[in-house]
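Numbered from 1 within each chain, the chains take letters A, B, ... in sequence-line order.
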2 protein chains.
Amino acid sequence: MTDRAEGRLAPIMFYYDYSSPYAYMAASRIDDIAAAHGRVVHWRPILLGAIYKLTGASPLLDQPIKGAYIKRDMERCARLMGLHMEFPENMTFAEIAPARATVWARDQGEDQARKLGGALLNHCFGTDGNIRGVDEVVQVATGVGFDGAALSAALASDELKQRLRDDIDAAMSAGVCGAPLFIVDEEPFWGADRLDHVERWLATGGW
Amino acid sequence: MTDRAEGRLAPIMFYYDYSSPYAYMAASRIDDIAAAHGRVVHWRPILLGAIYKLTGASPLLDQPIKGAYIKRDMERCARLMGLHMEFPENMTFAEIAPARATVWARDQGEDQARKLGGALLNHCFGTDGNIRGVDEVVQVATGVGFDGAALSAALASDELKQRLRDDIDAAMSAGVCGAPLFIVDEEPFWGADRLDHVERWLATGGW
């Protein structure tokens, strides 16, 4: 599908949550996959907690039996991808500050949202760094060239809170039932383990 | 890992639920994958309801937003596999009778459990046939050569009920957190979408 106004292929929507190791894995590959097919990726952080309220799901790692399996699967998937991954000490954490910061970065361009999003995920899962609080998020953002004072001010604003809420509502209306989730030309693919389907869909136009 | 007593490679354990289209997909491929690596598969039906009680999960297709996505994913996965699949009219049904029947068939050999399991899944998902009740299960079993009268008698016995319960308890103790789930040499793989990992694990011995 082309964006007729610009004569370009439509972007791939990438919905993710900053507390998810699977998001880190997906983020490490989605831009390259998209680029190989002439696409760009629009990074859209969401809060899984908001979606769980609607679907009735709960964090995978918190579930009896399943939590142990999921941790094993995450580590096995990362090894297979050749991706270094650290588990944050406390896996279920409030991922509000990094999500809001990414909404703010988007005002400077989709590429800036991508840059900040990648930096935050790498800090968290690549180095076991903290991205829970405003100070830590501002520090990571400053480290990759963003204006820390402007970001701090924005993170304190009600406007940014509302914009993240609106993004999440829009995502749920678009059928985002979990994360990471990709939408390619209105076709949703849920899970880092659907990247192979995303690639094939881009190459073939669907099946 | 070899079974030293018999000098053979250990079987692959295949845990599945008769109400799951993903189980149908997995069942259509697992024996061929195993055979290519000199393995056999031991089919072990379980009841997802029993596992959900422990993990707190609920049937995927019943969840808001997620249900619609999952149906789409199931159909897309089946198309990609070149597998004809029908959705039973009422997707969430009691799958107790087919599971008990498969425990009974196992007394005649693992290959017999496999034969009956495959016939039941194909009847349900290949032809939109009914496998909910005892009569329907006996009819399918008779169609592939089992002794219908003996199966009917067994399905009415308390012993068979208890054996299925014991199987499910053993599965949960082995870490079965959902289904379909495969265990290869103590390594669990959950989901029809992990068949590629199962194949790679068999080929490489792990990573």
Side-chain angles (χ1 to χ4, degrees), chain A residues 15 46 48 50-82 168-169 171-179 181-184 186-201 204 206-207, chain B residues 15 46 48 50-82 168-169 171-179 181-184 186-201 204 206-207:
Chain A
Y15 300 94
I46 50 96
L48 273 174
I51 291 174
Y52 288 160
K53 274 186 197 164
L54 193 63
T55 63
S58 61
L60 286 168
L61 288 162
D62 293 351
Q63 296 177 27
I65 317 187
K66 202 179 279 184
Y69 171 80
I70 291 294
K71 184 167 189 294
R72 186 173 189 147
D73 183 69
M74 287 170 166
E75 292 176 333
R76 194 171 58 201
C77 287
R79 285 201 307 275
L80 188 58
M81 295 173 78
I168 295 169
D169 286 345
M172 289 195 285
S173 296
V176 174
C177 62
L181 187 146
F182 314 92
I183 298 184
V184 181
E186 299 184 2
E187 188 73 18
F189 297 90
W190 175 34
D193 52 9
R194 284 291 178 276
L195 279 171
D196 55 342
H197 286 196
V198 168
E199 271 192 288
R200 189 184 288 251
W201 198 270
T204 63
W207 60 84
Chain B
Y15 300 93
I46 49 98
L48 272 175
I51 291 175
Y52 288 159
K53 274 186 198 164
L54 194 64
T55 63
S58 61
L60 286 167
L61 288 163
D62 293 351
Q63 296 178 27
I65 316 187
K66 202 179 280 184
Y69 172 79
I70 291 294
K71 184 167 190 296
R72 186 173 189 146
D73 183 67
M74 287 169 165
E75 292 176 332
R76 194 171 57 201
C77 287
R79 285 200 308 273
L80 188 58
M81 296 173 78
I168 295 170
D169 287 344
M172 289 195 286
S173 296
V176 174
C177 61
L181 188 146
F182 314 92
I183 297 184
V184 181
E186 298 184 5
E187 188 73 18
F189 298 88
W190 175 33
D193 52 11
R194 285 291 178 278
L195 279 172
D196 55 342
H197 287 196
V198 168
E199 270 192 288
R200 189 183 289 252
W201 198 270
T204 64
W207 60 84

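- The greatest number of non-hydrogen atom pairs below 4.5 Å with chain B, out of A/Gly67, A/Gly191, A/Pro188, A/Gly206, is found for A/Pro188.
- Residues satisfying the ring pair (Phe, Tyr, Trp, His ring centres under 6.0 Å) criterion with A/Tyr15, sequence neighbours excluded, are absent altogether.
- Contact annotation for B/Arg76: both backbone and side-chain heavy atoms come within less than 4.5 Å of a heavy atom of chain A.
- Among residues two or more places apart in sequence or in another chain, the side chain to side chain contact (heavy atoms under 4.5 Å, CB included) test is passed with A/Ala57 by A/Tyr52, A/Thr55, B/Gln63, B/Lys66.
- Counting heavy atoms from C-beta outward, A/Arg194 and B/Cys77 have side chains that approach closer than 4.5 Å.
- Using a 4.5 Å cut-off between heavy atoms, A/Ile51 makes no contact with chain B at all.
- Chain A forms the most heavy-atom pairs under 4.5 Å with one residue out of B/Asp193, B/Ile70, B/Val176, and that residue is B/Asp193.
- Heavy-atom contacts from other residues, nucleotides or ligands closer than 6.0 Å to CZ of B/Arg79 number more than 12.
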